[in-house]
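The structure appears right after this line, and notes come after that.
Lettering of chains follows the sequences in order, A, B, ..., and the numbering in each one begins at 1.
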Amino acid sequence: MFLKIGIVLVGLLSVTPIMLFVERRGSALLQNRLGPNRFGPQGLLQSVLDVLKFIFKEDRAPGHVNKFYFSLAPLVVVVPALMTFAVIPFAGNDFIIANLDVGILYCFSIASLGVYGIIMAGWASNNKYSLLGSLRSSAQMISYELTLGLSIVGLIMIFQSVKLGDMVSAQGETLFSIGGIDVPKWGIFLQPVGFILFLVSSFAETNRLPFDLPEGEAELIAGYHLEYGSMRFALFMLAEFVSMTVASALLSTLFFGGWQYLPGFSWIAHLFSDGNIAVTYLVSTLLHGISFVIKIASFMWFFVWVRWTLPRFRFDQLMNFGWKVLLPLALLNVFVTGLLIYLGVL
Amino acid sequence: MSDSKFQNDVPLDIARWGMPSRLDVTIKKDTDDLFEDSKMLVNIGPTHPAMHGAFRCMAKLNGEVIEKSYCEFGYTHRAKEKLGENRTYHQFVVYTDRLNYCSALINNVTYAMSVERMMGIEVPERTIWIRMICAEISRVIDHLICVGINAVDLGAFSYFTYGYQQRERAYTLIEKLCGARLTTSYTRIGGLMSDAPEGWEKEVKDWVKETRAVLAEMDKLLTENRIWLNRTKDVAVFNKEQCLQYGFTGPNARAAGINIDLRRDQPCMFYDKVDFEVPVAQVGDVFDRYYVRLEEIKQSLNIITQCADRMKPGPIWSEDKRTRIPDKDVVYNTMEGLIHHFKFFMNGFNVPKGEAYTAFEAANGELGFYIVSKGGPMAHRMRIRSPSFWHYQGLDPMIKGEYIGDLVAALGSINVIAGELDR
């Protein structure tokens, strides 16, 4: 148990420095720039400097803030973000911190707690821009959580379970075979529309461009974390990257078979399978873990890619998009899925 | 004023909000309307990231909608026009760089043209071609910056860096001309600081080719993007009538359907000898202003190629004794040359009595120098008509009733440059 918690915590916390690097060099790659490439090979150690800078900055709060809530807010944002990962199996179904019966519902309920921290930060900062940012963020998160929840209802109907472990196991089966290539029963093949809805809403949930209105760099400067500096600001950043990771993990768990092998990995596992049972288990667990990490990493890259490509929505357009486009689509998706299950197609 | 605190309409505490009294914001104590008091005053600028330069916009927000605003400027005022009365005509060239610092060369060229016009000086052909290339390169740079920053404000950062690279290349070309990148001071009255280096035309043509490719790429990246269209179409509309009322010129006026371009309408230099079109849009929203600028970059690139093709080696100085700066070998090797040099730079040259307004199509619109001379080496009155000054006045009506996110879009699209606005 503690080993699993340790793995998950260390993994999640080390995502931030890695993503700092990826974001910087990745954006540079997309923008014909070099990016930070001086410290360490290819600038890999740049994130170390970034973290050190945050740690050594003076931790001070402006005079006009409400000190208690001002200090509390970053924690309220970070803790739920870290907690969400508890129900996600990361290397085989044994490797899950808490195999709760509510499964995915736990994820949503805990993740939506993070918005309280943002509201708290905006209010306690006693700054108009922060307040506007936090108001935007609360409206946005509530609107997009609806779609987020509805988009996976179809999946739950198909797999008949809300436990993520069961869902991943079910995705190991073969959907159909074409010319000897087995197409797995991954969520994306069963629920393509659900996948797109979930993807879009998870962008909104993580406050990433094109949905980064709470931070709205141009008009709101930095939004809710405008008055924050040093480690407190770093915690907001950490929360953003962790929720990105969780969103990627959920995307891969629900729609890309979670820890199920990537194509070709079963062949590697087969090479080691004739040894004793312990080695086989170890190798398969490792390969499951690697598959999962690769899936997460590709989604993380997708997040970065989109961020540096698209412009930002306007607030009313964001709301219209959430309520008038995504929500009806999600409901339609549920309806069509139910119909198909009734007809026996799925 | 103090009595009114007990009246129904209470003026806001001006000291507290830092509000200019012109805005006349009052809190109406309407007991029935719970939300009447819920309006928020937000001070956007002068150190706000969306404000390109130091100016301020005080906005009264109802939720996210701007109900009323007051735009203020003057933070970058450097008394350029007064300086024009205390500096010789030659010395004032460097001050023109700092007007619109995104396209310093156009300012240099326009200023040189206006003084030459007063003195009746004809510059040689080669100088005119070089000046035209300079003006068009500056226009391209300015427009690249404008559309790029506009996109940055709306969240598309990568788009900006695409154009930025071409801008840096253009600056390298300019650096080859005059040794400076931003503040060029390249023109002299009656000539140029120095001749274009050998092979410069070819480099310019290569740059044009590259820029065309990059433009196509930029166009593909953003113009048809759904989010971008939503953010810019029918946003911050400034129609034809309003543009006429507010004295809009340049791409902002053309975006609203006013077909004016001083390069075509009052041809100076060799603009009547080159082929180019004047793109005109109809609606006058942010998208039109953006798209007109993109099209103008293409036209400017065409002009640059034509100029580079027709540039021939030759003299760059008009042989008018009054303004001819003595060559360096004459200055260093002969006594007369040294005296001439000294007198030229210490006393300046006299401009005949008279007054003239000379306008040229700068990147943002009509840039004009109104010079009144009483015969001395300094202007009696140096008035600069800078397009941004007019455009900035239009910001208030433009953003009324729009969302706060549109404020930055509108401001970016009219391309207000603080140096030009405040002078």
Side-chain angles (χ1 to χ4, degrees), chain A residues 23-24 26-35 64 122 126-140 200 203-204 207-223 226 304-321 324-325, chain B residues 17 39-45 47-52 57 59 61 63-66 148-166 168 214 217 221-223 225-233 235 286 290 399 402-412:
Chain A
E23 187 108 59
R24 283 165 157 228
S27 65
L29 188 73
L30 293 171
Q31 295 171 349
N32 289 343
R33 296 187 288 120
L34 280 177
H64 56 76
N126 193 10
N127 178 310
K128 289 168 184 171
Y129 293 119
S130 304
L131 190 65
L132 270 177
S134 64
L135 284 176
R136 279 180 177 188
S137 113
S138 50
Q140 174 183 324
V200 172
F203 269 96
N207 289 337
R208 295 280 295 187
L209 253 165
F211 299 98
D212 71 335
L213 289 122
E215 292 161 39
E217 201 184 324
E219 61 262 28
L220 298 186
I221 309 175
L226 175 58
V304 173
W305 184 18
V306 168
R307 172 173 179 184
W308 296 106
T309 307
L310 292 181
R312 180 185 302 124
F313 277 97
R314 200 172 65 200
F315 187 64
D316 60 321
Q317 290 165 356
L318 175 96
M319 284 295 152
N320 281 347
F321 186 60
K324 293 185 184 164
V325 180
Chain B
W17 294 105
K39 282 164 192 157
M40 184 157 77
L41 280 172
V42 177
N43 197 1
I44 303 167
T47 54
H48 188 284
M51 288 285 163
H52 309 155
C57 180
L61 298 185
E64 292 255 340
V65 180
I66 299 170
I149 294 285
N150 205 351
V152 169
D153 281 347
L154 301 186
F157 194 86
S158 298
Y159 179 82
F160 170 66
T161 55
Y162 278 45
Y164 206 83
Q165 198 161 18
Q166 279 323 104
E168 286 302 315
V214 170
E217 215 172 355
L221 180 64
L222 200 63
T223 308
N225 186 308
R226 191 73 238 165
I227 305 175
W228 175 254
L229 289 179
N230 281 345
R231 283 304 302 271
T232 54
K233 281 252 174 187
V235 166
V286 174
Y290 156 81
I399 59 174
E402 303 278 358
Y403 287 83
I404 187 167
D406 294 337
L407 162 68
V408 290
L411 186 70

(request) Report the C-alpha distance between A:Tyr129 and B:Ile44 in whole Å, list the side-chain angles of each, state the deciding distance to 0.1 Å, and finish with yes or no for side-chain contact (heavy atoms from CB on, under 4.5 Å). (result) CA-CA 10 Å; A:Tyr129 293 119; B:Ile44 303 167; 3.7 Å; yes
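- Heavy-atom pairs under 4.5 Å with chain A peak, among B:Trp228, B:Tyr403, B:Tyr164, B:Phe157, at B:Tyr403.
- When all heavy atoms are compared, the tightest approach of A:Pro311 to B:Leu222 is CG-CD1, 4.0 Å.
- Taking the side chain as every heavy atom from C-beta outward, A:Leu310 and B:Asn225 approach each other to under 4.5 Å.
- Side chains of B:Val235 and A:Arg314 form a contact here, defined as non-hydrogen atoms less than 4.5 Å apart.
- Using modelled atom types, one finds no donor on one side chain facing an acceptor on the other under 3.5 Å when comparing A:Gln317 with B:Asn230.
- What you find for B:Arg231 and A:Phe313 is that their closest heavy atoms are NH1-O, 3.4 Å.
- Counting heavy-atom pairs closer than 4.5 Å to chain A, the top-ranked of the candidates B:Leu221, B:Ile227, B:Ile404 is B:Ile227.
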